[in-house]
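See structure below.
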Amino acid sequence: MSVQSAKRRITAVDIAKRKNGDPVVALTAYHAHTASILDEHVDFILVGDSLGMVMHGMESTVPVTLDMMIVQGLAVMRGSKRALVVVDMPFGSYEASKEQAFHSAARVMKETGAGAIKMEGGEHMAETVEFLVRRGIPVMGHIGLTPQAINTMGGFRVQGKSDENQAQTERDAKAISDAGAFAMVIEGTVEPLARKITEDIPTVTIGIGASPACDGQILVLEDMLGLNVWTPKFVQKFGSIREHIEEAVTGYADAVRDRSFPGPDHVYARKQK
Ligand SMILES: Nc1nc(=O)c2c([nH]1)NC[C@@H]1CN(c3ccc(C(=O)N[C@@H](CCC(=O)O)C(=O)O)cc3)CN21
Ligand SMILES: CC(C)C(=O)C(=O)O
Ligand SMILES: [Mg+2]
């Protein structure tokens with residue numbers, strides 16, 4: 001990193017000011033190349049623990065490690081210079097105690113240079129969120145459908161369908177907001193709940209499968225590009241990257257088989273005498 005950069009990055013403080021303003025635009029990225037494409041078009045890039053499922057074919061995000069998040073977080077920092085980079089805390093790296101959370105989050109901040117971290121959880125994580133924020137780590141919350149809880153939820157379940165669950169999710173939002181999170185992801189919740197939370201709390205809400213009522217939106221990049229075959233219902237495919245890759249790969253395979261590749265332009269010759 002340079003001593004002084006010409007254009008400063010968007011900060012967590014900038015995002016926090018976007019309540020009732022223009023919608024906050026966010027996408028996930030795990031690589032330097034994709035990060036460099038998103039950099040000019042989004043407000044923040046999330047290095048999501050969804051990378052376990054998207055890059056590695058895991059069935060959930062539970063096996064993702066802190067080291068995996070740090071490696072990809074660093075890649076995304078190298079590829080970007082304008083957008084805020086937020087790194088997800090993976091399952092098992094923060095839930096045991098606020099000290100464990102600080103230790104893990106500090107590693108992410110020091111080893112990647114990212115501007116903020118995100119952690120899943122409501123009321124039960126509020127004390128931890130406050131502990132980190134007070135010690136200089138901007139925290140993005142994540143409530144509603146929290147994928148790391150797949151094994152206690154019994155699957156990825158849309159939240160807010162019952163009165164009891166709606167009331168709990170509202171308490172979660174309030175607790176994370178009061179704890180000082182600069183923004184929070186609301187994932188997989190029924191529309192009236194996402195709307196009510198967004199109206200009731202002063203914290204910026206970022207929706208994913210949580211209706212247009214939120215202050216911003218996020219999607220997993222590979223889902224909206226059309227690279228992943230199956231996606232949750234809340235995804236709109238804005239591209240069809242899978243077909244582009246298929247076309248390029250079959251073109252290459254055909255060219256190798258009929259010996260039209262490598263062609264004259266791709267061959268090294270000896271020095272002319
Ligand atoms: N590629 C990808 N995209 C994501 O959005 C994403 C991940 N991976 N991994 C981490 C979590 C997991 N997510 C998920 C995964 C599955 C559903 C899902 O099965 N949804 C059902 C509805 C379930 C219900 O009705 O309760 C669906 O059909 O959309 C939702 C969110 C969102 N996140
Ligand atoms: C889906 C987003 C919000 C996320 O947490 C992830 O990509 O891991
Ligand atoms: Mg995540």
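Both ligands and their constituent atoms are indexed starting at 1 by order of listing.
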Identity of the N, O or S atom of Asp88 lying closest to the Mg ion (ligand 3): OD2
Name whichever N, O or S atom of Asp49 ends up nearest to the Mg ion (ligand 3). OD1
Contact atoms of ligand 1, heavy-atom distance to [X] under 4.0 Å:
X: Glu187; value: 11 (C), 13 (N), 31 (C), 32 (C), 33 (N)
X: Thr61; value: 10 (C)
X: Asn228; value: 1 (N)
X: Val54; value: 1 (N)
X: Val220; value: 1 (N), 2 (C), 3 (N), 4 (C), 5 (O)
X: Arg157; value: 26 (O)
X: Val158; value: 24 (C), 25 (O), 26 (O)

How far is [atom] from the closest protein heavy atom, and which atom is that?
atom: atom 7 (C) of ligand 1; value: Ser50 CB, 3.8 Å
atom: atom 17 (C) of ligand 1; value: Phe156 CB, 3.6 Å
atom: atom 1 (C) of ligand 2; value: Ile208 CD1, 3.5 Å
atom: atom 9 (N) of ligand 1; value: Met53 SD, 3.2 Å
atom: atom 6 (C) of ligand 2; value: Ser50 OG, 3.3 Å
atom: atom 5 (O) of ligand 2; value: Lys118 NZ, 2.9 Å
atom: atom 1 (N) of ligand 1; value: Asp223 OD1, 3.0 Å

Among [options], find the one that has a side chain to side chain contact (heavy atoms under 4.5 Å, CB included) with [X].
X: Asp43; options: Ile15, Ile218, Leu84; value: Ile15
X: Leu46; options: Val87, Val86, Val220, Leu219; value: Val86
X: Lys118; options: Met184, Met140, Met89; value: Met140

Heavy atom of protein inside 4.0 Å of atom 21 (C) of ligand 1, strictly below: no
Would you say [Y] and [X] are linked by a side-chain donor-acceptor pair, where the criterion is simply a distance under 3.5 Å?
X: Asp67; Y: Thr65; answer: no
X: Thr11; Y: Asp14; answer: yes
X: Gln168; Y: Glu123; answer: yes
X: Asn228; Y: Glu222; answer: no
X: Glu170; Y: Gln166; answer: yes

With heavy-atom distances below 4.0 Å as the criterion, list the atoms of ligand 2 near [X].
X: Gly48; result: 6 (C), 7 (O), 8 (O)
X: Asp88; result: 4 (C), 5 (O), 6 (C), 8 (O)
X: Leu46; result: 2 (C), 3 (C), 4 (C), 5 (O), 6 (C), 7 (O)
X: Thr28; result: 7 (O)
X: His142; result: 5 (O)

For [X], does the [atom1] atom sit with more than 12 other heavy atoms under 6.0 Å from it, leaving out its own atoms?
X: Phe261; atom1: CZ; answer: yes
X: Gln100; atom1: CD; answer: yes
X: Lys81; atom1: NZ; answer: no
X: Asp163; atom1: CG; answer: no

Using every non-hydrogen atom in the two residues, find where Asp88 and Gly48 come nearest and quote the distance to one decimal. OD2-CA, 3.5 Å
Less than 4.5 Å apart, any side-chain heavy atom of Glu120 and any of Phe91? no
Considering distance alone, does some N or O of Asp49 sit under 3.5 Å from an N or O of ligand 2? yes
Any Lys/Arg nitrogen of Arg82 or Asp39 sitting under 4.0 Å from an Asp/Glu carboxylate oxygen of the other? no
Answer yes or no: does an N/O atom from Lys233 fall short of 3.5 Å to an N/O atom of ligand 1? yes
N or O pair under 3.5 Å between Trp230 and ligand 1: no
Which distance, rounded to the nearest 0.5 Å, do you find between the CE of Met119 and the NE2 of His142? 13.0 Å
Just heavy atoms, cut-off under 4.0 Å: does Pro147 contact ligand 1 by side chain, backbone, both, or neither? side chain
Flag Glu120 as yes if one of its N/O/S atoms falls below 2.8 Å of the Mg ion (ligand 3), otherwise no. no
